[in-house]
Amino acid sequence: MSDSWNKRTQAVHAGVRRSQYNEVSEAIFLTQGFVYENAEAAEARFIECGEDEFIYARYGNPTVSMFEQRIAALEGGEDAFATASGMAAVNGALTSMLKAGDHVVSAKALFGSCLYILENILARYGVEVTFVDGTDLTEWEAAIRPDTKAVFFESMSNPTLEVIDIEAVANLAHAVGATVIVDNVFSTPVFSRAIEQGADVVVYSATKHIDGQGRALGGVIIGTKEFIRGTVEPYLKHTGGALSPFNAWVMLKGIETMDLRVNAQAASAQKIAEVLEGHAELERTLYPGLATHAQNDLVQRQLGGKGGTVLSLDIKGGKEAAFAFLNALTIPVISNNLGDAKSIVTHPATTTHQRLSEDQRDELGITPGLIRFSVGLEDADDLLADVIQALDSLSA
Ligand SMILES: *Cc1c(COP(=O)(O)O)cnc(C)c1O
């Protein structure tokens, strides 16, 4: 494996670990355990487990290890630990490094379950969390204290697609020695350069673009070898958030086609957002790739101008119009995943963000008319025609 490879080469070859059969496609080692040659070998492995040695699949497994090494190479991280879901990764990254009395600063625009961990779970264990508007650097500056242990944010927020300046927040955090943990799902591993830009730890829900075909749950934490093996691994191997070898194989093969999928989906999302912007039935068209997006300068710097695969449409007429729009679509399916080959539409206020109070939703811009649209791999013109007929049906 070569460090000089570009992402598309890493995505296909990084982390390959061949068995004695020299198979071309990665093997699925669907085994929870590993046989020791003799009692002495078992003892030795429990004293020190080498890179190419395994003990138990909760600790590590060859297929899972291939996935970890491939995504770490792609992200430019030293190492990675794979988890059973994206939430196991977010929880593992935070709880493995925090203890009672620690202080965390977090952006407040978060995926519902991330918010639950930061707002409810960490508080129960005596971790103090200060929430800020992630796009406002003066709020980060005011909230980060000399004793701040970590900062946490989604680099692109769900579902309002605000973009947070990784480099600027990392500079503030690093000045006090705090660890920068970034949930990078919406930026995708294809467009991300988060580690180069200052993130210490990057977390993905592999359920999204890494699988990209709606099949399996998974997650991953990427960071330095010291953080992954010294902090994350001891926590996760004993608390049981391991990724199954079968799901690791699904993710490993997903990575091979991810660049092509995500680029095609992002190009369609850009086209759809550009055509829809200003449509008479829309209050707002939110897409980071639009020149009119509030942080488009940052999108140019941080993501090479790529706005990702999700756009959000604020339909005039509130919940009733939003539901009528959803029900009039014929191609996108109504569901709540994203990054899938199939276009998926979601009404956040009544589903993914239903648990929030109306005030919290207002503050985050999750209006009753807001629709999240995860653009899939269908033909962009077919999708556009479908969206436009559904919008036009609202005034018919
Ligand atoms: C989906 C998602 C998660 C959780 O991932 P799961 O695989 O569903 O557990 C966390 N953060 C963000 C930003 C997500 O979109």
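For the single chain, residues carry numbers from 1 onward in sequence order. Bear in mind the structure is a predicted one, so any value in this text is a computation, not a measurement. Indexing begins at 1, ligand by ligand and atom by atom, following the structure's order.
Residues Val105, Val132, Leu137, Trp140, Ile144, Val151, Ile164, Ile166, Val169, Leu172, Val176, Val180, Val182 make up the rest of the hydrophobic cluster containing Phe153, defined by ILVMFWY side-chain heavy atoms closer than 4.5 Å, directly or through other members.
Under 4.0 Å is where a charged nitrogen must lie from a carboxylate oxygen, and between Arg45 and Glu37 no such pair does. Contact check on Asp381 versus Lys271 returns a salt bridge, with a Lys/Arg side-chain nitrogen under 4.0 Å from an Asp/Glu carboxylate oxygen.
Partners of Arg58 according to the salt bridge (charged side-chain N to carboxylate O under 4.0 Å, His left out) rule, which considers only residues two or more places apart in sequence or in another chain, do not exist here.
Side chain of Arg372 to main chain of Asn336: a donor-acceptor pair is present (N/O by atom type, distance under 3.5 Å, no hydrogens or angles).
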With a 3.5 Å cut-off and sequence neighbours excluded, list the donor-acceptor pairs that the side chains of residues 321-335 form with protein atoms.
residue, atom, partner, partner atom, Å
Asn327, ND2, Phe323, O, 3.2
Thr330, OG1, Asp386, OD1, 2.9
Thr330, OG1, Asp386, OD2, 3.4

Pick out the protein N or O atoms lying less than 3.5 Å from any N or O of ligand 1, and list each pair with its distance.
residue, atom, partner, partner atom, Å
ligand 1, 5 (O), Ser205, OG, 3.0
ligand 1, 7 (O), Gly86, N, 2.8
ligand 1, 7 (O), Ser205, OG, 2.8
ligand 1, 7 (O), Thr207, OG1, 2.6
ligand 1, 9 (O), Gly86, N, 3.1
ligand 1, 9 (O), Met87, N, 2.9
ligand 1, 11 (N), Asp183, OD2, 2.6
ligand 1, 15 (O), Lys208, NZ, 2.7

